[in-house]
Amino acid sequence: MESLALYIHWPFCAAKCPYCDFNSHVREKVDHAAFAAALRAELAREAARANGAGRRRLASIFFGGGTPSLMRPGTAAALIEDAQRLFDPLPDLEITLEANPTSVERDKLRDFRAAGVNRVSLGVQALDFAALSFLGRKHDVGEAIRALDFARETFPRVSFDMIYARPGQDEAAWRAELRRALALAADHLSLYQLTVEPGTQFATLHARGAFALPEGDEAARLYAATAEEAGRFGLLPYEISNYAKPGAESRHNLAYWRYGDYIGIGAGAHQRLTMPDGSLLAARRHRAPEEWLTRVQRDGHAVTEEEALSPRDRGREALLMGLRLTEGIDPARIEARSTLRFDQAVDMAMLETLCAEGLMTWRDGRLAATPDGLLRLDAILPLLLN
């Protein structure tokens, strides 16, 4: 049976960023011991289900949030120990922690390294004072640079996030900003286009006309500039929003994009898990941290939705995820995960049209979006899916 990935959600942040629509919450006090015990309980429950047909191999652990670097390092250590005991960890088990570059979090990174974390992902977002202020970040440029430098000294693998298509963003300044960050930690870059998400503070401000975002060709130029600058440092695009040196790709996120099995524990976490009978169960947990905690303490889990995905849904999800990758998808993989023939999952006439228009292509038996196709992927996918 295939290996699986483990996602652990820590839902708390020191502050809510105005652009963020993630399941993150600000609390004055957090009962760390109670949340640690609940996470361990959910992990034990899901491991028992996943191992029903034999112990599963574990390829990666990812602490996400929220801000997981605000949890106690001892909590991370206990969860890592549990996971390695409950599953068969691969020799190169990847263990990632998301963190912000504030001095408070940076000072804890050495303890997380001792806990077993071997890859850190820093939410830098910008190396520009005005941009950091606009984005509501709690660190300044100096803190970000010091955190990148410290992370590179402390962890074998370092990734960082950047946000582009900010109001009034200049291409030349963006290139300089990227070069500065890549020179400090050139292993992996996750790139996010700034968008206005419903329910966020930015949505309210944008509706009032407080700011405008680059769109269309202007945003595309910034995106293209990113690939060029990343390439100067040996980072290649392997997913629509991610660049890495060969071998430094996020194994955890590749599990999602290649439509592998993953367990998700913690408030609001999702999962896709193949059961002993061959069914693929999609599950979601309660989003509110306090309600999640109450349910785990009462029931051993906080799953609010769980269903066996139909072959059609499995095929659609595998295509939606896999076509984000530069490597594209193997039709045999789609068929194996969905139990559908490839021509049942894909509109073959539309695929032929998209290939003729230069938006999709076949390479070595794999279907992939071209560079132009990746830029238009959101529009292409609804047309392609059967």
Fill in: E105 vs R146, salt bridge (Lys or Arg N to Asp or Glu O under 4.0 Å): CA-CA, chis, key distance, verdict
CA-CA 12 Å; E105 293 176 56; R146 288 189 292 273; over 6 Å; no

State whether [X] and [Y] are salt-bridged, where the test is any N-O pair (Lys NZ or Arg NE/NH1/NH2 against Asp/Glu carboxylate O) under 4.0 Å.
X    : Y    : answer
E46  : R49  : yes
E229 : R232 : yes
R333 : E2   : yes
E228 : R175 : yes
E357 : R376 : no
R366 : D364 : no
D82  : R85  : yes
E291 : R295 : yes

Do any N or O atoms from the side chain of [X] and from the backbone of [Y] form a donor-acceptor pair under 3.5 angstrom?
X    : Y    : value
E94  : H252 : yes
R166 : A126 : no
R157 : E249 : yes
R55  : F87  : yes
N242 : P237 : no
N23  : R287 : yes
D313 : L309 : no

Can [Y] be reached from [X] by stepping across I, L, V, M, F, W or Y side chains whose heavy atoms are under 4.5 Å apart?
X    : Y    : value
L184 : L235 : yes
L383 : L351 : yes
Y262 : W257 : yes
L236 : L254 : no

Find the distance between [atom1] ([X]) and [atom2] ([Y]) and round it off to the nearest 0.5 Å.
X    : Y    : atom1 : atom2 : result
T102 : L122 : OG1   : CG    : 10.0 Å
D187 : S159 : CG    : OG    : 8.5 Å
N118 : L93  : CG    : CG    : 7.0 Å
T304 : R285 : OG1   : CZ    : 9.0 Å
I263 : H270 : CD1   : NE2   : 15.5 Å
L325 : N253 : CG    : CG    : 10.0 Å

Is any side-chain heavy atom of [X] less than 4.5 Å from a side-chain heavy atom of [Y]?
X    : Y    : value
R40  : L79  : yes
L90  : L58  : no
W10  : T67  : no
S279 : L281 : yes
T226 : W174 : yes
V141 : D128 : no
F63  : H9   : no
I329 : I334 : yes

Measure across [X] and [Y] and return the closest heavy-atom pair with its distance rounded to 0.1 Å.
X    : Y    : value
S3   : A59  : OG-CB, 3.8 Å
Y19  : E197 : O-CG, 4.3 Å
Q297 : A34  : NE2-CB, 4.1 Å
W292 : G266 : NE1-C, 3.4 Å
L323 : L384 : CD1-CD2, 3.6 Å
G136 : P18  : CA-CD, 3.9 Å

Item to complete: Please lay out, stage by stage, how V120 and T154 fare under the test side-chain contact (heavy atoms from CB on, under 4.5 Å).
Response: CA-CA 9 Å; V120 67; T154 308; over 6 Å; no

Polar side chain donor-acceptor pair, [X] to [Y], under 3.5 angstrom:
X    : Y    : result
S24  : K16  : yes
R106 : N100 : no
R314 : S338 : no
R337 : T274 : yes

Worksheet item: For the residue pair Y223 and Y243, does the interplanar ring angle fall in the parallel (under 30°), tilted (30 to 60°) or perpendicular (over 60°) class?
Response: tilted

Discussion item. Does the plane of the ring in Y7 sit parallel, tilted or perpendicular to the ring in F62? Use 30° and 60° as the thresholds.
Written reply: parallel

Practice prompt. For side-chain contact (heavy atoms from CB on, under 4.5 Å), just list the numbers for F150 and L148, CA-CA rounded to whole Å, side-chain angles, deciding distance to a tenth of an Å, and then say yes or no.
Written response: CA-CA 6 Å; F150 182 78; L148 284 167; over 6 Å; no

Practice prompt. I would like to know whether Y164 and Q169 meet side chain to side chain donor-acceptor pair (under 3.5 Å); could you show each step before the answer?
Written response: CA-CA 8 Å; Y164 79 107; Q169 191 168 28; over 6 Å; no

Discussion item. Run R119 and V117 through side-chain contact (heavy atoms from CB on, under 4.5 Å) and show every step you take.
Written reply: CA-CA 6 Å; R119 181 176 181 270; V117 173; 5.6 Å; no

Worksheet entry | Close aromatic pair by centroid cut-off 6.0 Å: F134 and F129 | no

Practice prompt. Give the intermediate values and the outcome of salt bridge (Lys or Arg N to Asp or Glu O under 4.0 Å) for residues R27 and E290.
Written response: CA-CA 11 Å; R27 298 288 187 269; E290 290 78 15; 2.7 Å; yes

Practice prompt. Scan F155, Y238, F160 and name whichever one has a ring-ring contact (aromatic ring centres under 6.0 Å, His included) with H188.
Written response: Y238

Worksheet item: Looking at R272, R56, R57, which one forms a salt bridge (Lys or Arg N to Asp or Glu O under 4.0 Å) with D261?
Response: R56

Fill in: Test log, rule side-chain contact (heavy atoms from CB on, under 4.5 Å), inputs D92 and R251
CA-CA 10 Å; D92 57 349; R251 297 169 206 160; 3.6 Å; yes

Worksheet item: salt bridge (Lys or Arg N to Asp or Glu O under 4.0 Å) between R258 and E327: does it pass, once the steps are laid out?
Response: CA-CA 10 Å; R258 290 172 175 165; E327 71 183 19; 2.9 Å; yes

Worksheet item: Any chance CZ of R113 has more than 12 other-residue heavy atoms, nucleotides or ligands included, within less than 6.0 Å?
Response: yes

